[in-house]
Amino acid sequence: MSTPAATKSPATALPVNAATAGEFLTFTLGSEEYGVDILKVQEIRGYDTVTRLPDAPDYIKGVINLRGTIVPVIDMRLKFRLEAKYDALTVMIVLNVADRVVGMVVDSVSDVVQLGPEQIRSMPEVGTGIDRRYLTGIGALDERMLILLDIEGLMTSTDMGLVVDEAAAKAA
Amino acid sequence: MDITRFHATFFEESRENIAAMEAGLLALESGGGGEDTIHVVFRAAHSIKGGSATFGFTAIADLTHLLETLLEEARSGRRQLDANAIGALLGSVDALRMLLAAAEHGDALDQAMLQQARAALDRILTGAADAKAAAPVQAAPAAAAPEAKPIGWKIDFAPERSLFLSGNDPLRMLRELGQLGELKVACRDDALPPFTELDPFEAWLAWDLELVGEIKRSAIEDTFAWVEDQCSLSIEPLMPAASAAAPAAVASAAPVAAAPPAPAPAPVSASAPAPAVAPAAANAAETTPVARHDAVETTIRVAVDKVDALINLVGELVITQAMLAQRSAELDPSLHELLLSGLDQLDRNTRDLQEAVMSVRMLPVDFAFSRFPRMVRDIATRLGKKVNLRTSGEATELDKGVIEKIVDPLVHLVRNAIDHGLETTEQRIAAGKPEAGTVSLSAVHQGGHIIIEVGDDGRGLDRDRILAKAVERGIPLPENPTDSQIWDLVFAPGFSTAEALTDLSGRGVGMDVVRKNISALGGQVEIRSRKGDGTTVSIRLPLTMAILDGMTVSVGGEVFILPLNMVIESLQPSLENIKTVAGNARVLRVREDYLPLLDLAVQYGLPAARTDSQPIAVVVESQGQRLALEVDELLGQQQVVVKNLERNYRRIPGVAGATILGDGRVALIVDAGSLPKAA
């Protein structure tokens with residue numbers, strides 16, 4: 001009956017630092033390379049003009065019209081406190097996470113890679129700008145180091161500001 | 001075959017039938033219904049019984065069987081449905097509803113309720129014998145009419161070829177007849193085609209039947225009730241040879257040739273060996289509102305999200321069309337004449353399509369109104385008041401989403417009107433009013449809006465007491481308030497919790513919630529009242545929530561939509577009319593009023609793009625409060641398709657939703673009611 005809860009619970013129930021093997025879309029933010037589960041990616045687009053949203057943190061750029069759906073756009077570079085520049089080559093990855101559609105602006109998209117379980121290392125204890133819960137592991141691919149993100153968890157976390165904490169909203 | 005997939009249809013149909021029964025019974029109770037109404041109720045009960053028996057819902061079938069027995073007696077004129085009987089019938093309608101919900105959703109069975117309903121019906125049914133004896137008037141004409149009693153019935157039954165397609169089986173009917181008495185069957189197979197041309201899914205056979213025994217004509221009619229409009233059927237009394245030509249018998253033997261176009265009147269005349277019912281039936285024709293039941297429209301059930309997807313797509317098309325129109329405006333008309341005329345046509349077609357698609361979601365307001373007769377009856381009974389409910393404009397159409405959301409506020413208003421608006425019977429008599437109060441529900445179209453009004457002829461609002469209450473609660477009052485300003489006070493949240501207000505005609509209880517719900521639909525509420533004459537609450541709603549008329553304004557480089565229904569005026573105030581309060585809060589003087597002045601750019605955290613010192617202010621009213629919004633530029637007016645922002649993002653205070661402009665960009669829709677007041 002409660003499909004949203006049902007689809008959500010496996011994601012939260014996953015043990016920390018447990019990226020599962022599979023195909024990952026890789027993209028760069030500054031000098032770092034990241035990977036997200038390819039199954040969460042809906043499409044890749046250029047960056048359009050956005051309509052700004054009131055009361056939003058700077059990394060939430062606004063909303064765009066994606067074939068009739070209003071889609072919020074997040075600039076991951078700003079979220080990771082990197083320098084953000086917008087030009088004709090700026091790329092946006094449209095994600096499908098937890099029944100929502102979200103746009104994510106990154107520096108560039110590299111490729112799609114296949115990672116086996118033996119190529120995935122656990123995330124070392126380092127202090128980062130985002131909650132370590134959403135850094136699920138490190139993918140080692142020859143000389144490349146991919147930071148694997150739990151993009152669904154990250155996008156639906158309350159500190160991202162895309163969703164309101166339901167418990168808090170109910171209390172209010 | 002998995003029979004459960006037909007359950008949904010059965011539940012849906014049964015709900016409709018229950019509603020029809022309820023409406024019919026209420027009409028009978030208020031004296032409005034006649035013979036026809038009993039038939040409608042009976043037919044509805046019969047359908048439920050048949051369906052529930054087919055699907056194995058025995059509890060429902062059992063109860064409807066009892067109901068049907070009682071109704072049958074009323075139908076054949078052997079029983080007058082008094083208030084007691086109707087009460088019992090209504091009670092079992094409730095029980096049916098409960099059983100149906102239990103069967104559908106697996107809700108718990110309310111055995112006590114079921115027992116009570118059954119007991120009430122049983123009591124009335126077993127009292128039948130006494131009732132018959134006590135009312136010889138009823139029985140006498142029936143006995144007197146035909147001198148010679150028929151010894152049986154001659155039935156000519158010829159189904160239409162499509163009979164099987166509706167799931168009916170003549171064999172079952174013949175068996176049922178066989179249980180009534182001694183049945184002689186002769187099959188007519190003259191229509192049967194050669195075997196090679198025979199389609200086994202079509203009904204080719206017809207029957208001449210003779211049913212001997214003392215059998216009620218209605219019992220035979222019941223057997224054929226399901227196929228009435230799918231066959232040619234005649235039922236004639238079988239006379240003993242000696243008195244076959246009695247004229248009375250001929251008169252009563254009007255064949256029930258129920259051809260599809262005219263099914264309704266036939267049973268009435270056919271079941272009329274008792275001349276006493278004739279005037280009643282004639283009477284019924286002019287008083288019962290059964291006409292709309294006759295107008296059978298063919299419909300299909302469609303999932304709402306399919307319709308919504310369609311509406312979304314058409315919204316897209318409208319945007320694309322607007323975009324093309326914008327781009328083509330720069331073209332030289334003489335060079336691109338054909339293209340431009342084609343675009344004009346596209347414009348017209350798109351609008352027509354949009355209108356047509358939107359109308360798919362439209363339902364008659366009756367959908368909401370139909371629950372009130374019962375509710376009014378119950379509340380009135382509980383409060384010991386006499387109340388007539390008058391409804392009008394039931395056919396007015398409104399978006400399904402709006403109708404569903406308007407029901408609760410309406411229930412609240414109707415309950416208020418009866419509970420607090422109407423005086424007690426004694427008070428009414430003392431005031432020289434008719435004993436029974438009147439509550440009216442009406443719906444009318446007005447431009448792009450619908451106006452729904454709930455009115456009563458009760459005591460009206462008391463100006464002085466509301467004023468006193470407002471002062472007591474510290475609600476700010478305008479100078480020399482007009483009546484409507486005072487009535488507006490009952491919408492103040494402070495009024496809602498006061499228990500003591502109940503005797504102050506009670507309009508305050510929860511009225512803020514009513515207004516909030518209606519505002520959420522983009523509507524407005526207004527009260528008209530005269531002391532001693534009654535109160536009318538008038539609700540103005542947009543026809544649909546999916547499209548709204550908007551004023552486009554530019555603020556800080558972005559375009560925003562102000563819903564037109566909340567815009568009162570726009571003006572260019574001079575700087576001396578803008579004052580500050582306590583240093584930072586700004587107010588704008590509009591004629592004699594001071595309104596809070598909010599800079600939308602500041603509200604939405606946008607850079608101030610304005611350089612000239614002449615601001616533009618739009619005065620809006622939301623939830624009964626007026627405020628002025630400062631904008632950079634007025635761009636124009638347009639209809640916009642409302643898009644949900646919360647689908648992919650969280651709710652934003654001060655934003656009601658979003659839309660897509662002609663150039664494909666997103667614009668936010670301003671929700672003045674939830675703008676943060678402190679900037």
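Predicted model only: the values in this text are computed from it and were never measured. Chain A is the first sequence line, chain B the second, and so forth, proteins listed ahead of strands; every chain is numbered from 1. Only this structure's heavy atoms are used, side chains among them; waters, hydrogens and symmetry mates stay out.
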Next item on the list: Under 4.5 Å heavy-atom distance to chain B, tell me which part of A:I64 shows up: side chain, backbone, both or neither.
Entry: backbone
Notebook entry, point to check: Out of A:N65, A:V63, A:T49, which residue meets the side-chain contact (heavy atoms from CB on, under 4.5 Å) rule with B:R665?
Noted result: A:T49
Margin query: Would you say that A:I70 contacts B:R647 through its side chain, given a criterion of any heavy-atom pair below 4.5 Å between the two side chains?
Written below: no
Check: Counting heavy atoms not belonging to A:E118, are there more than 12 under 6.0 Å from its CD?
Finding: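 Atom CD in A:E118 is packed in, count exceeds 12.
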Check: So with a 6.0 Å cut-off around CZ of B:R327, is the heavy-atom count from everything else above 12?
Finding: no
Note to self: Working note: B:R650 + A:L53, criterion side chain to side chain contact (heavy atoms under 4.5 Å, CB included); need CA distance, chi angles, decisive distance, verdict.
What the structure shows: CA-CA 11 Å; B:R650 64 187 162 83; A:L53 292 171; over 6 Å; no
Notebook entry, point to check: Is it the backbone or the side chain of B:V641 that comes under 4.5 Å from a heavy atom of chain A, or both, or neither?
Noted result: neither
Check: Using a cut-off of under 4.5 Å for heavy-atom pairs, which of A:V97, A:T69, A:D55, A:V50 has the most such pairs with chain B?
Finding: A:D55
Note to self: Testing the basics here: between B:E646 and A:R100, what is the closest heavy-atom pair and its distance to 0.1 Å?
What the structure shows: O-NH2, 4.0 Å
Check: For A:P72, does its backbone N or O pair with a side-chain atom of B:N648 as donor and acceptor, under 3.5 Å?
Finding: no
